[in-house]
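Side-chain atoms are counted along with the backbone in the values below, which use heavy atoms only and exclude waters and symmetry mates. Note that the structure is a prediction, hence the values are computed from the model and not measured. Whatever order the structure lists ligands and atoms in, that order sets their numbers, starting from 1.
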Amino acid sequence: MEAKTKDLWVFVETNTDGTAKNVGIELLTPGKMLAEKQGGELVAVVIGENVGEAVDAANAHGAQKILVVDGPEYKNYSTDAYTYVICTLVEKYGPTSMLIGATNNGRDLGPRVSCRLKTGLTADCTSLDIDPDSGNVAWTRPAFGGNLMATILCPDHRPQIGTVRPGVFKKGLETEKQAVIINEKIHVDAKDIRTQILEIIQDAGDEKIDLEGAEIIVSGGRGVGGPEGFKTIQELADVLGATVGASRAAVDSGWISHAHQVGQTGKTVGPKLYIACGISGAIQHLAGMSSSDCIVAINKDPEAPIFDVADYSLVGDLFEVLPILVDEIKKARA
Ligand code: FAD
């Protein structure tokens, strides 16, 4: 389809209580830059039930227009209902590009919408810009197992769609609310929603690990040597009030669960402080943490690539360095 406007849309996914998931608000940050460069408006699309809080959050983070679809049939995400709503809105308003958070639901919604609209989708983007020659969105994402970064254009079809993982961009500061709010009445019949939620069972297997929202992360890699080694990592995390992360090598070895994995096939994180212990700094690990504000690396190999991205480099055995750090932090707090 042809774009009717130069607007950029951000799908602001909601929780069942009507609040916004962080990733939608984070995406308003690059969304603003792209919309300005495209010469259009930044539009947030909010779907759910009683979504006043999500609308407010989008308004406070720079949305110029907010399309709201509120109704009981949208309380829980369903592929059929959400795809129908987005496609109906796209056909009515004709945005030129759209960002979707790569949550479980976003990863389901993006491909379905792009297929229905016969356009392209670039998944799991790590940076976004406008291609200066063509004016298309330049979607950059890791390719070939993360060994190179590919920049992808979608020149022939609209809207251009991309997904971005939580934590890749940071939430902007709150600004003055200025959005024009448009309530759209779109109803989907229950019979047109082919899936039914019978019961929601909370994941009881693993404690909830909020790596994406963590301000401090202490991560361990193969260098911790085994599951016991993570006790040393946990001690530092405890004194700092930090969350424990891990490299894939540690996860694949069965030392810690996948919920802790940082990197291309784990979580993308952007804490204020990231402490990498016994992690070499493979590109797939860096892909998940290099946007951290401050990176401290502890590694006994002075040539380890992690030192290339570290703000503070400690060359040494983590089992000697970490207890000293823990003691010093405790002393400083006493
Ligand atoms: P290693 O590379 O083995 O490094 C261990 C480090 O510990 C070394 O630098 C060593 O000097 C140091 N060390 C050893 N003992 C000590 C000690 N006592 N004190 C201090 N330092 C010590 N990896 C991820 O992390 N996340 C991902 O999401 C991810 N996704 C991937 C996706 C694909 C498609 C592929 C192909 C790979 C992916 N990987 C990922 C794997 C990645 O390529 C690396 O293999 C992995 O990150 C290595 O983990 P590591 O740094 O813990 O282990």
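Of the protein's non-hydrogen atoms, the one nearest atom 6 (C) of ligand 1 is Gly278 O, 3.4 Å. If you check which protein heavy atom lies closest to atom 43 (O) of ligand 1, you get Gln284 OE1, 2.7 Å. Annotation: atom 1 (P) of ligand 1 to nearest protein heavy atom, Ser280 OG, 3.6 Å.
Using a 3.5 Å distance cut-off with no hydrogens or angles, the side chains of Asn105 and Glu13 do pair a donor with an acceptor. Using modelled atom types and a 3.5 Å distance limit, the side chains of Glu184 and Tyr93 yield a donor-acceptor pair. Side-chain contact annotation: Thr195 with Ser78, donor-acceptor N/O pair under 3.5 Å absent.
Heavy atoms of Ala282 found under 4.0 angstrom from ligand 1 belong exclusively to the side chain. Here Val262 has backbone heavy atoms under 4.0 Å from ligand 1, and that is the only part of it that gets that close.
Taking all atoms of both residues into account, the shortest heavy-atom contact from Ala237 to Val244 is CB-CG2, 3.7 Å.
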Can you give me every donor-acceptor pair (side chain of residues 213-222, partner residue at least two apart or in another chain, under 3.5 Å) with its distance?
unit_1: Glu215; atom_1: OE2; unit_2: Lys272; atom_2: NZ; d: 3.4
unit_1: Ser219; atom_1: OG; unit_2: Tyr274; atom_2: OH; d: 2.8

Please set out all donor-acceptor pairs under 3.5 angstrom arising from side-chain atoms of residues 32-44, sequence neighbours excluded.
unit_1: Lys37; atom_1: NZ; unit_2: Asp129; atom_2: OD1; d: 2.7
unit_1: Gln38; atom_1: OE1; unit_2: Ser97; atom_2: OG; d: 2.6
unit_1: Gln38; atom_1: NE2; unit_2: Lys6; atom_2: O; d: 2.9
unit_1: Gln38; atom_1: NE2; unit_2: Ser97; atom_2: OG; d: 3.3

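At least one heavy atom of Gly316 sits less than 4.0 Å from an atom of ligand 1.
Within ligand 1, the atoms closer than 4.0 Å to a non-hydrogen atom of Gly263 are 26 (N), 27 (C), 28 (O), numbered from 1 in the order shown. Remark: ligand 1 atoms within the under-4.0 Å shell around heavy atoms of Gly266 are 28 (O). Taking a cut-off of under 4.0 Å to the non-hydrogen atoms of Thr265, the atoms of ligand 1 that pass are 27 (C), 28 (O), 29 (C), 30 (N), 31 (C), 32 (C). Using a 4.0 Å cut-off to heavy atoms of Ser247, the atoms of ligand 1 that qualify are 25 (O), 49 (O), 50 (P), 52 (O).
Looking at ligand 1, you won't find any N or O of Phe319 less than 3.5 Å from one of its N or O atoms. In terms of N/O distances under 3.5 Å, ligand 1 is approached by Leu318.
Under a 4.0 Å N-O distance rule, the pair Lys170/Asp293 qualifies as a salt bridge.
In this structure the side chain of Asn76 reaches within 4.5 angstrom of the side chain of Thr16, judged on heavy atoms.
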